[in-house]
Peer 1: 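Okay, here's the structure, questions in a sec.
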Amino acid sequence: MSVRTYDPKQVIITVGGIPMSGFADGTFLTVDRDDDQWAKVTGADGTSTRIKSNNRSGSMTLTLKQSSPSNDVLSGFANIDELTNAGVVPILIKDLSGNSLYFSATGWVKKYPSSEFGKDLANRDWVLDLVDLDVFVGSNGVNV
């Protein structure tokens, strides 16, 4: 009997070649394509046609702890982009304990996250837009 293992510490996220760290507890990353791969149109006679979407753009939301040094990195990219339009960077996400892989050669910070301050440590949700997002949703490794 085999057991599959997922280790969240083995999810590597790089933005502009810089590894991200200081992820929030719970869900710390979501990656989505903007459109469905296919649309279906069914006529009055019941025949269906599928229509391929060639839109491969998407987005990712990275949730960091308020104390994460990656907030500084993402703020730097957002500031550079706002001032010089030069904040477009490659994005790579790889699950080293499995086979999932996401890559976009063209990504940028969509906007600064909402910020809250209080007695407890808060999270920062960074949304990045991605162009030509390559996606492979894989399984996790087997430990025997």
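For this chain, numbers begin at 1 and follow the sequence in order.
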Peer 1: Are any non-hydrogen side-chain atoms of Val31 and Ile93 less than 4.5 angstrom apart?
Peer 2: yes

Peer 1: Which atom pair, heavy atoms only, marks the closest approach of Ser53 to Asp36?
Peer 2: CB-O, 3.2 Å

Peer 1: Any side-chain heavy-atom pair from Met60 and Val127 closer than 4.5 angstrom?
Peer 2: no

Peer 1: Are side-chain heavy atoms of Asn140 and Asp95 found at a separation under 4.5 Å?
Peer 2: yes

Peer 1: With a 3.5 Å cut-off and no angle check, do the side chains of Asp125 and Thr63 form a donor-acceptor pair?
Peer 2: yes

Peer 1: Does Ser100 reach the main-chain N or O of Gly138 with its side chain, forming a donor-acceptor pair under 3.5 Å?
Peer 2: yes

Peer 1: Can you name the nearest heavy-atom pair linking Phe103 to Pro90, along with the distance?
Peer 2: CE1-CB, 4.3 Å

Peer 1: Enter the distance from Asn99:CG to Ser139:OG here, rounded to the nearest 0.5 Å.
Peer 2: 4.5 Å

Peer 1: Does Gly43 offer a backbone N or O that forms a donor-acceptor pair with the side chain of Thr47 under 3.5 Å?
Peer 2: no

Peer 1: Nearest 0.5 angstrom please: Met20 CE to Trp126 CH2, how far?
Peer 2: 10.0 Å

Peer 1: Is the CD atom of Gln37 crowded by more than 12 outside heavy atoms at less than 6.0 Å?
Peer 2: no

Peer 1: Are Arg124 and Phe117 in a cation-pi contact, defined as NZ or CZ under 6.0 Å from the six-membered ring centre and within 45° of the axis?
Peer 2: yes

Peer 1: Taking the side chain as C-beta and beyond, is there a heavy-atom pair between Leu101 and Leu92 under 4.5 Å?
Peer 2: yes

Peer 1: Any heavy-atom pair between the side chains of Pro69 and Ser21 that's under 4.5 Å?
Peer 2: yes

Peer 1: Of the non-hydrogen atoms in Ile13 and Leu62, which two are nearest, and what is the gap between them?
Peer 2: CD1-CD1, 3.7 Å

Peer 1: So if you build clusters from Ile, Leu, Val, Met, Phe, Trp, Tyr with side-chain heavy-atom gaps below 4.5 Å, do Val135 and Val11 land together?
Peer 2: yes

Peer 1: Whether the side chain of Ser104 engages the backbone of Ile91 through a donor-acceptor N/O pair (distance < 3.5 Å, no angle test) should be reported.
Peer 2: no

Peer 1: At their closest point, which heavy atom of Val89 faces which heavy atom of Gly16, and how far apart are they?
Peer 2: CB-CA, 3.5 Å

Peer 1: Check this for me: Asp25, atom CG, are more than 12 non-hydrogen atoms of other residues, nucleotides or ligands nearer than 6.0 Å?
Peer 2: no

Peer 1: Between CG of Leu128 and CG of Leu74, what distance do you get to the nearest 0.5 Å?
Peer 2: 6.0 Å

Peer 1: For the CG atom of Asn123 and the OG atom of Ser115, what is their distance to the nearest 0.5 Å?
Peer 2: 11.0 Å

Peer 1: CG of Asn55 to CZ of Arg33: how many Å apart, nearest 0.5 Å?
Peer 2: 8.0 Å

Peer 1: Provide the closest heavy-atom pair for Gly87 versus Trp108 in the form atom of the first, atom of the second, distance.
Peer 2: O-CB, 3.9 Å

Peer 1: Distance check, rounded to the nearest 0.5 Å: Asn71 atom CG versus Leu64 atom CG?
Peer 2: 5.0 Å

Peer 1: Any chance you could lay out the side-chain contact (heavy atoms from CB on, under 4.5 Å) test for Ile12 and Leu96, step after step, and finish with the verdict?
Peer 2: CA-CA 7 Å; Ile12 305 303; Leu96 297 178; 3.4 Å; yes

Peer 1: When you compare the side chain of Ile18 with that of Phe77, does any pair of heavy atoms fall below 4.5 Å?
Peer 2: yes

Peer 1: Ser57 and Asp34: side-chain donor and acceptor closer than 3.5 Å?
Peer 2: yes

Peer 1: Below 4.5 Å, heavy atoms only, C-beta onward: do Lys94 and Tyr102 meet side chain to side chain?
Peer 2: no

Peer 1: Under a 3.5 Å cutoff, is there a donor and acceptor pairing between the side chains of Thr5 and Ser97?
Peer 2: no

Peer 1: Looking only at non-hydrogen atoms, find the nearest pair between Phe23 and Lys65 and report the distance.
Peer 2: O-CG, 3.6 Å

Peer 1: Taking the side chain as every heavy atom from C-beta outward, state whether Thr61 and Leu29 have any atom pair closer than 4.5 Å.
Peer 2: no

